[in-house]
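See below for the structure under consideration.
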Amino acid sequence: MLSKQEKDALTQAVYDIVSRIPFGRVTSYGAIAEAVGYPNLSRMVGQIMKGSGNYEEKLPCHRVVNSQGFLSGKEGFGHSGQMQKLLEAEGVNIKDDKIINRKEVFWYPMKEIFIDERNI
DNA sequence: CCGATGACAAGCA
DNA sequence: ATGCTTGCCATCG
């Protein structure tokens with residue numbers, strides 16, 4: 001069970017990670033959950049995304065997909081393939097709601113943030 | 001209050 | 001690879 005403070009911290013941490021996802025890259029709910037210290041709370045990450053008003057300008061949540069590379073959150077972007085459009089505009093190849101070049105565009109939060117901390 | 005559900009994921013057959 | 005089962009935890013009816 002998570003206290004309110006923990007939930008707030010989690011939410012903030014998730015926003016922070018998501019805002020760091022580079023252009024043209026994607027990551028997964030699980031990877032984010034892991035990066036914020038709750039490896040088994042991938043579902044909560046999904047809920048947080050849903051709740052955060054998903055607008056590209058606010059947060060690039062279109063760059064968050066599930067571990068298989070499916071655009072599981074596309075319904076949250078309006079039903080006109082908006083999420084897919086945004087990703088394709090960044091060079092991500094998608095077919096049947098699934099990212100084809102997942103390996104090339106996948107972004108590993110922990111790894112990249114570690115690099116950031118070393119470089120800063 | 002309790003069961004069902006969900007923008008998830010890993011394990012197993 | 002494919003499909004099913006089990007963990008997770010907040011929300012909803």
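Naming: A, B, ... by sequence-line order, numbering from 1 per chain. Hydrogens, waters and symmetry mates are skipped; everything else that's a heavy atom, side chains included, is used. In this text, all values refer to a predicted model and were calculated from it rather than measured experimentally.
Considering only side-chain atoms of Gln47(A), the nucleotide from dA7(B), dG6(B), dC8(C) that sits closest is dG6(B). Nearest to the side-chain atoms of Lys50(A) among the listed nucleotides dA9(B), dT11(C), dA7(B) stands dA7(B). Taking only side-chain atoms of Ser67(A), from C-beta outward, the nucleotide of dA9(B), dA7(B), dG6(B) with the closest atom is dA9(B). In this structure, the nucleotide among dC8(C), dT11(C), dA7(B) sitting nearest to the side chain of Leu41(A) is dC8(C).
Distance, Tyr38(A) OH to dC8(C) C1': 13 Å, rounded to whole Å. Lys4(A) places its NZ atom 11 Å from the P atom of dT11(C), with the value rounded to the nearest Å. One can place CZ of Arg43(A) at 9 Å from C1' of dA9(B), the figure rounded to the nearest angstrom. For Asn40(A) and dG6(B), the CG to P distance is 21 Å, given to the nearest whole Å. Nucleotide dG3(C) holds its C1' atom 11 Å from the CD atom of Gln68(A), rounded to whole Å. Glu34(A) has its CD atom 17 Å from the P atom of dC8(B), to the nearest Å. Per the geometry, NE2 belonging to His79(A) stands 11 Å off P belonging to dA7(B), to the nearest Å. Between the CD1 atom of Ile99(A) and the C1' atom of dA7(B) there is a distance of 13 Å, rounded to whole Å.
Side chain of Thr27(A) to main chain of Trp107(A): a donor-acceptor pair is present (N/O by atom type, distance under 3.5 Å, no hydrogens or angles). Asp97(A) places no side-chain N or O within 3.5 Å of a backbone atom of Phe70(A) that could act as its donor or acceptor partner.
Salt bridge status for Glu90(A) with Arg63(A): present, with a side-chain N to carboxylate O gap under 4.0 Å.
Comparing Pro39(A) and Met44(A), the nucleotide of DNA chain B nearest to each residue sits closer to the 5' end for Met44(A).
Neither side chain, Ser80(A) nor Gln82(A), offers a donor N or O lying under 3.5 Å from an acceptor on the other.
An OP1 or OP2 oxygen of dA9(B) is reached within less than 4.0 angstrom by a side-chain nitrogen or oxygen of Ser28(A).
Using a 4.0 Å heavy-atom criterion, one finds that Leu2(A) contacts the sugar-phosphate atoms exclusively. Contacts of Ser72(A) with the nucleic acid, taken as non-hydrogen atoms under 4.0 Å apart, involve only primed sugar atoms and P, OP1 or OP2.
With a 6.0 Å radius and a threshold of 12 heavy atoms from other residues, nucleotides or ligands, Gln12(A) has its CD atom at or below the threshold.
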